[in-house]
Amino acid sequence: MADKQKIINIAVIAHVDAGKSTLVDAFLNQSGVFRDNQEVVDCVMDSDDIERERGITIYSKNCSVMHGDTKINIVDTPGHADFSSEVERIIKTVDTVILLVDSSEGPMPQTRFVLKKSLEQGLNPILLINKIDKKDARIDEVVDEVYELFMDLDANDEQLDFPILYGIARQGIVVRDPEEIKGLSVESGAGQVDNDGNVMKIKKSAKGMNGLDITPLFETIIEHCNPYPQDLAEEPLQLQISALAYDDYIGRLGIGRVTKGKVREASVVAVAKEGGVVEQKKINQVFVYRGLKRMPVEEAVAGDIVVLSGISDISIGETICEPGKVDPLPMIQIEEPTLSMYFMVNKSPFAGKVGKFVTSRHIKERLNKELEVNVGLKVEETDSTDSFKVSGRGELHLSILIENMRREGYELAVSKPEVIMRRDDQNRLLEPIEEVVLSVPDIYTGSVISKLNLRKGMMQEMNSENGYTRLEYLVPTRGLLGYRTEFINDTHGEGTMVRRFAKFDLFTGEIPQRTNGVAIAQEMGVTTPYAIFNIQERVQMFVEPQVKVYEGMIVGMNSRGDDMVVNPCKAKKATNMRAAGSDDNVKLTPARTFTLEEALEFIDDDELVEIVPDDIRLRKKILSELDRRRSARKIRNEG
């Protein structure tokens with residue numbers, strides 16, 4: 001039976017927030033994966049807690065649906081540039097890609113990246129213009145922009161002849177002509193309004209509405225894409241590992257597509273590794289995807305995406321073949337990390353009070369476990385046994401790892417992210433440059449341009465439309481560290497900024513860093529309203545009253561450029577009866593709180609972020625004021 005099944009593998013590629021996970025929900029809902037009475041969550045593929053909270057896909061995942069006699073394996077890929085190493089490998093396992101583009105935003109930088117990888121693999125994409133019910137939809141212009149993008153990326157004639165579909169993924173609707181949706185209102189039929197007087201939208205549903213569903217998309221996939229050739233199942237086995245997973249019970253899992261032949265459970269295979277090394281190994285179990293579930297099977301045939309257990313040291317890019325018939329595929333090249341930071345044992349006075357895992361052994365074991373599945377990551381030992389150098393694809397890539405560790409009960413301190421430089425053949429220093437696309441209200445454009453110019457940015461393009469200016473820049477990664485918070489403040493929260501790694505280029509020179517100093521706690525204690533009231537005239541506070549602090553902890557940002565030592569624990573001396581209760585009248589400005597990314601952006605070279613399960617604190621590397629002065633004097637003398 002398995003031999004007769006037609007198999008097509010597709011990937012859904014797009015920029016962050018274009019509706020990839022929502023479209024996959026519609027695929028699953030409309031192919032009978034769920035029971036009628038089964039309660040289904042939105043973005044069912046975003047199973048990780050952080051993915052749900054942030055509304056982004058971080059890890060690429062697989063599922064499968066049946067349409068007639070065709071099995072369609074679907075891969076939901078991350079849209080964020082920091083996880084591009086996930087996308088690159090996935091493209092190798094699919095027959096076509098559905099390129100999802102927002103009807104008003106058009107193609108974004110990350111769309112360009114994922115499309116380029118797809119075209120290089122010779123895939124012929126299907127274009128789906130999503131969210132066509134938006135008030136500011138500009139469908140025809142966006143289609144033209146996509147054609148231009150295909151031509152920029154040297155698409156061949158066959159790739160340029162892509163089918164175009166239109167949809168509203170949140171309602172599970174795809175049509176061949178936008179006219180079919182004319183008159184369909186996804187605003188609530190009764191014209192219900194919310195408390196602000198806005199017309200409410202119909203509740204999101206992936207099941208379709210008014211007789212419209214995603215059948216045209218299923219039909220287009222089957223018309224546009226030939227099923228995997230079934231005669232390849234008779235050839236010797238060839239299977240390249242394109243992703244890894246980990247199961248607490250059965251260990252490391254290799255995921256990949258069977259290019260040729262059949263893979264059987266409990267069989268002996270030859271694993272072709274890097275450098276031409278071939279080792280004999282035994283596969284324990286073979287799983288395929290049915291809906292969202294991994295199902296064990298006795299054998300899987302050419303074309304299917306499988307999950308294998310039993311090979312404990314399997315790695316990305318390795319090819320599994322039959323013994324004696326080794327035919328390895330070219331190794332997969334993973335893009336190099338662009339950013340590194342040091343992970344250290346937490347040595348603050350509050351260390352070990354909350355976390356379960358606090359020693360260097362715990363941190364090392366956790367990082368090694370992460371390396372099992374996170375191929376964009378690199379971990380190096382340092383001279384100190386308490387510190388590890390961790391390199392990744394960007395701030396988000398590293399901060400997601402730190403956030404996961406924090407939630408698992410780890411305590412650690414991390415240093416300011418540093419950009420990884422390279423040298424070229426002529427020994428010239430190169431640094432990573434990022435492509436940045438910004439959409440800014442016209443009135444704030446001037447300040448954004450001047451800030452990016454200071455940070456050595458080079459403007460590539462500038463367009464203005466409907467009160468917003470769209471800017472395209474090339475900026476060194478160094479210049480973007482710490483810029484996001486400044487950008488949000490400059491645009492009063494109305495601007496959007498999207499960035500992705502573009503290339504390595506010549507070092508652009510010094511870039512000014514944070515201009516404000518910080519306020520540092522003088523002693524250990526509990527903060528008081530009286531002390532904070534007196535400090536806040538000159539300092540933007542990071543701590544509220546009744547918070548425990550220690551010497552060397554950063555409690556605020558100074559209005560001037562130098563650091564200032566303050567005592568936020570000072571209590572008011574009660575000199576007479578009348579003054580004793582006047583603390584009640586103190587008016588305090590709310591303290592600024594940091595997310596993990598904001599804290600990493602804010603700190604300077606001589607500062608650390610202390611991360612514990614229930615808190616994020618900022619601190620100086622050297623806690624004692626006296627030791628900091630000695631260190632500064634020593635640096636001056638050596639200088």
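Not measured: the values here are computed from a predicted model. Start at 1 with the first residue, then count along the sequence. Just so you know, these numbers use all the heavy atoms, side chains as well, and skip hydrogens, waters and symmetry mates.
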- Item | Given Gln426, Arg428, Arg422, the one that forms side chain to side chain donor-acceptor pair (under 3.5 Å) with Asp424 | Arg428
- Report yes if some heavy atom in the side chain of Pro125 is under 4.5 Å from a heavy atom in the side chain of Leu119; otherwise report no. yes
- Task: Using atom types as modelled and distance alone, determine if a side-chain donor or acceptor of Asn9 lies under 3.5 Å from a backbone N or O of Asp95.
- Result: no
- Task: For Glu380, enumerate each residue passing the side chain to side chain donor-acceptor pair (under 3.5 Å) test, keeping only those at least two apart in sequence or located in another chain.
- Result: none
- Item | Lys116 atom NZ: more than 12 heavy-atom contacts under 6.0 Å | no
- What pairs with Lys364 under salt bridge (charged side-chain N to carboxylate O under 4.0 Å, His left out), at least two apart in sequence or on another chain? Glu381
- Check whether any side-chain heavy atom of Val419 lies under 4.5 Å from a side-chain heavy atom of Pro432, and answer yes or no. yes
- Task: Would you check if Leu474 and Glu435 make a side-chain contact, meaning some heavy-atom pair closer than 4.5 Å?
- Result: yes
- Query: So, Gln121 side chain and Ser118 main chain: donor-acceptor pair closer than 3.5 Å or not?
  - Reply: no
- Gln238 side-chain N/O to Asp327 backbone N/O, donor-acceptor pair under 3.5 Å: yes
- Item | Flag, side chain of Glu235 to backbone of Leu232, donor-acceptor distance under 3.5 Å | no
- Task: State yes or no: are the ring centers of Phe388 and Phe343 separated by less than 6.0 Å?
- Result: no
- Task: Could you tell me whether a side-chain N or O of Glu434 sits under 3.5 Å from a main-chain N or O of Thr477, the two making a donor and an acceptor?
- Result: no
- For Phe162, the option from Asn124, Thr96, Val146, Ile126 that meets side chain to side chain contact (heavy atoms under 4.5 Å, CB included): Val146
- Quick check: does any side chain N or O of Thr319 sit under 3.5 Å from a backbone N or O of Ala272, one acting as donor and the other as acceptor? no
Enumerate, atom names and distances included, each donor-acceptor pair closer than 3.5 Å involving a side-chain atom of residues 300-312, sequence neighbours excluded.
residue : atom : partner : partner atom : Å
Asp304  : OD1  : Lys71   : NZ           : 3.3
Asp304  : OD1  : Asn73   : ND2          : 2.9
Asp304  : OD2  : Lys71   : NZ           : 3.2
Ser309  : OG   : Gln285  : N            : 3.2

- Item | Atom pair NZ/CG of Lys273 and Asp313 - distance to nearest 0.5 Å | 4.0 Å
- Are Lys369 and Glu365 close enough, and set up right, to give a salt bridge (Lys or Arg N to Asp or Glu O under 4.0 Å), and what steps lead you there? CA-CA 6 Å; Lys369 185 182 170 192; Glu365 281 172 3; over 6 Å; no
- Task: Could you check if a side-chain atom of Ile168 sits within less than 4.5 angstrom of a side-chain atom of Ile132, using non-hydrogen atoms only?
- Result: yes
- Task: Without swapping roles, check the side chain of Glu299 against the backbone of Val263 for a donor-acceptor pair under 3.5 Å.
- Result: no
- Side-chain contact, heavy-atom cut-off 4.5 Å: Arg366 with Glu408? yes
- Does a sphere of radius 6.0 Å around CD in Glu223 hold more than 12 heavy atoms from other residues, nucleotides or ligands, not counting ones at 6.0 Å or beyond? yes
- Side-chain heavy atoms of Ser391 within contact of Ile420, under 4.5 Å: yes
